[in-house]
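Let me begin by presenting the structure, written as structure tokens, before commenting on it.
None of the values given here were measured: they were computed from a predicted structure. Position 1 is the first residue of the sequence, and the numbers go up from there.
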Amino acid sequence: QVQLVESGGGLVQPGGSLRLSCVASGNIFNLYAMGWYRQAPGKQRELVASITSGGTTNYGDSVKGRFTISRENMKNTVYLQMNSLRPDDTAVYYCHAEDETSDYTDFEDFWGQGTQVTVSS
């Protein structure tokens, strides 16, 4: 199994920045896509950003131009640089990873425990 551990969350003022990190460990075969999802109080979980092992990125419309996702494949680590933060960015941010099975036939989804990001004055 794969374990994901997030770090970097906290409280920041509107307009500020935070950098989230997620490290994957355990029985990793081939991490294909890694990304970040978030869930705000009273809202559904949504995709924030994702990145493949080849570097292809995808962003949610609400964060495009403000957030940047990156990864370091050799360290099984994904980052999320969050700039120009707004109060509606407040949410629990969850790391996600898609790992290929050892027989090359499927992918498995793994989730971290989440890290709280609060944007408030």
Side-chain angles (χ1 to χ4, degrees):
Q1 296 292 297
V2 176
Q3 294 81 48
L4 304 174
V5 179
E6 305 102 329
S7 62
L11 190 152
V12 65
Q13 293 184 339
S17 298
L18 284 174
R19 182 177 174 87
L20 306 183
S21 299
C22 173
V23 180
S25 62
N27 189 22
I28 298 170
F29 184 71
N30 180 31
L31 292 176
Y32 180 65
M34 300 187 73
W36 296 90
Y37 291 74
R38 69 186 183 186
Q39 187 160 19
K43 294 185 177 181
Q44 295 181 333
R45 187 176 65 182
E46 65 177 349
L47 172 70
V48 178
S50 65
I51 184 169
T52 69
S53 58
T56 301
T57 59
N58 186 39
Y59 294 92
D61 288 341
S62 64
V63 307
K64 191 173 184 179
R66 299 187 297 122
F67 293 6
T68 302
I69 190 169
S70 61
R71 67 187 286 174
E72 190 170 353
N73 291 334
M74 295 301 296
K75 291 186 176 180
N76 297 317
T77 302
V78 64
Y79 306 94
L80 184 68
Q81 178 66 47
M82 304 185 292
N83 299 325
S84 301
L85 284 162
R86 306 189 295 233
D88 59 2
D89 294 317
T90 296
V92 177
Y93 284 70
Y94 296 93
C95 182
H96 170 259
E98 187 178 54
D99 192 38
E100 190 174 24
T101 57
S102 59
D103 61 3
Y104 304 95
T105 62
D106 204 1
F107 296 88
E108 295 180 305
D109 293 317
F110 298 93
W111 295 90
Q113 294 297 308
T115 184
Q116 177 71 47
V117 172
T118 302
V119 184
S120 176
S121 60

Within the 4.5 Å heavy-atom criterion, are Glu98 and Phe107 side-chain neighbours or not? yes
Would you mind reporting whether Leu80 and Arg38 have side-chain heavy atoms less than 4.5 Å apart? no
Check for me, please, whether [X] and [Y] land in the same ILVMFWY cluster - side-chain distances under 4.5 Å, paths through other members count.
{"X": "Val12", "Y": "Tyr79", "result": "no"}
{"X": "Val23", "Y": "Met34", "result": "no"}
{"X": "Phe110", "Y": "Leu31", "result": "yes"}
{"X": "Leu4", "Y": "Ile28", "result": "yes"}

Check the angle between the aromatic planes of [X] and [Y] and answer parallel, tilted or perpendicular using the 30° and 60° thresholds.
{"X": "His96", "Y": "Tyr37", "answer": "perpendicular"}
{"X": "Trp111", "Y": "Tyr94", "answer": "perpendicular"}
{"X": "Phe29", "Y": "Tyr104", "answer": "perpendicular"}

Could you go through the side chain to side chain contact (heavy atoms under 4.5 Å, CB included) check for Ser53 and Glu100 one step at a time? CA-CA 12 Å; Ser53 58; Glu100 190 174 24; over 6 Å; no
Any chance you could measure [X], atom [atom1], to [Y], atom [atom2], to the nearest 0.5 Å?
{"X": "Lys43", "Y": "Thr90", "atom1": "NZ", "atom2": "OG1", "answer": "9.5 Å"}
{"X": "Thr57", "Y": "Arg71", "atom1": "OG1", "atom2": "CZ", "answer": "12.0 Å"}
{"X": "Ser120", "Y": "Gln13", "atom1": "OG", "atom2": "CD", "answer": "8.5 Å"}
{"X": "Ser50", "Y": "Ile69", "atom1": "OG", "atom2": "CD1", "answer": "6.0 Å"}

Stepwise side chain to side chain contact (heavy atoms under 4.5 Å, CB included) check, Asp89 with Arg66: CA-CA 11 Å; Asp89 294 317; Arg66 299 187 297 122; 2.8 Å; yes
Report yes or no: does [X] contribute a side-chain atom to a donor-acceptor pair with the main-chain N or O of [Y] at less than 3.5 Å?
{"X": "Thr68", "Y": "Gln81", "value": "no"}
{"X": "Asp99", "Y": "Asn30", "value": "yes"}
{"X": "Thr115", "Y": "Tyr93", "value": "no"}
{"X": "Gln113", "Y": "Glu6", "value": "no"}

Any chance CG of Asp109 has more than 12 other-residue heavy atoms, nucleotides or ligands included, within less than 6.0 Å? yes
For [X] and [Y], work out which heavy atoms get closest and say how close.
{"X": "Gln3", "Y": "Gln1", "value": "NE2-O, 3.4 Å"}
{"X": "Ser84", "Y": "Ser17", "value": "N-OG, 4.4 Å"}
{"X": "Glu46", "Y": "Ser62", "value": "OE2-OG, 4.4 Å"}
{"X": "Asp103", "Y": "Thr101", "value": "OD1-OG1, 2.8 Å"}

Candidate pair Leu18 and Phe67, rule side chain to side chain contact (heavy atoms under 4.5 Å, CB included), full reasoning: CA-CA 10 Å; Leu18 284 174; Phe67 293 6; over 6 Å; no
Start with the C-alpha gap between Val117 and Leu20, add the side-chain angles, then the distance that decides, and say whether side chain to side chain contact (heavy atoms under 4.5 Å, CB included) holds. CA-CA 9 Å; Val117 172; Leu20 306 183; 4.1 Å; yes
Can you pull the disulfide bond (SG atoms under 2.5 Å apart) pairs that have at least one residue in residues 13-111, sequence neighbours excluded? Cys22-Cys95
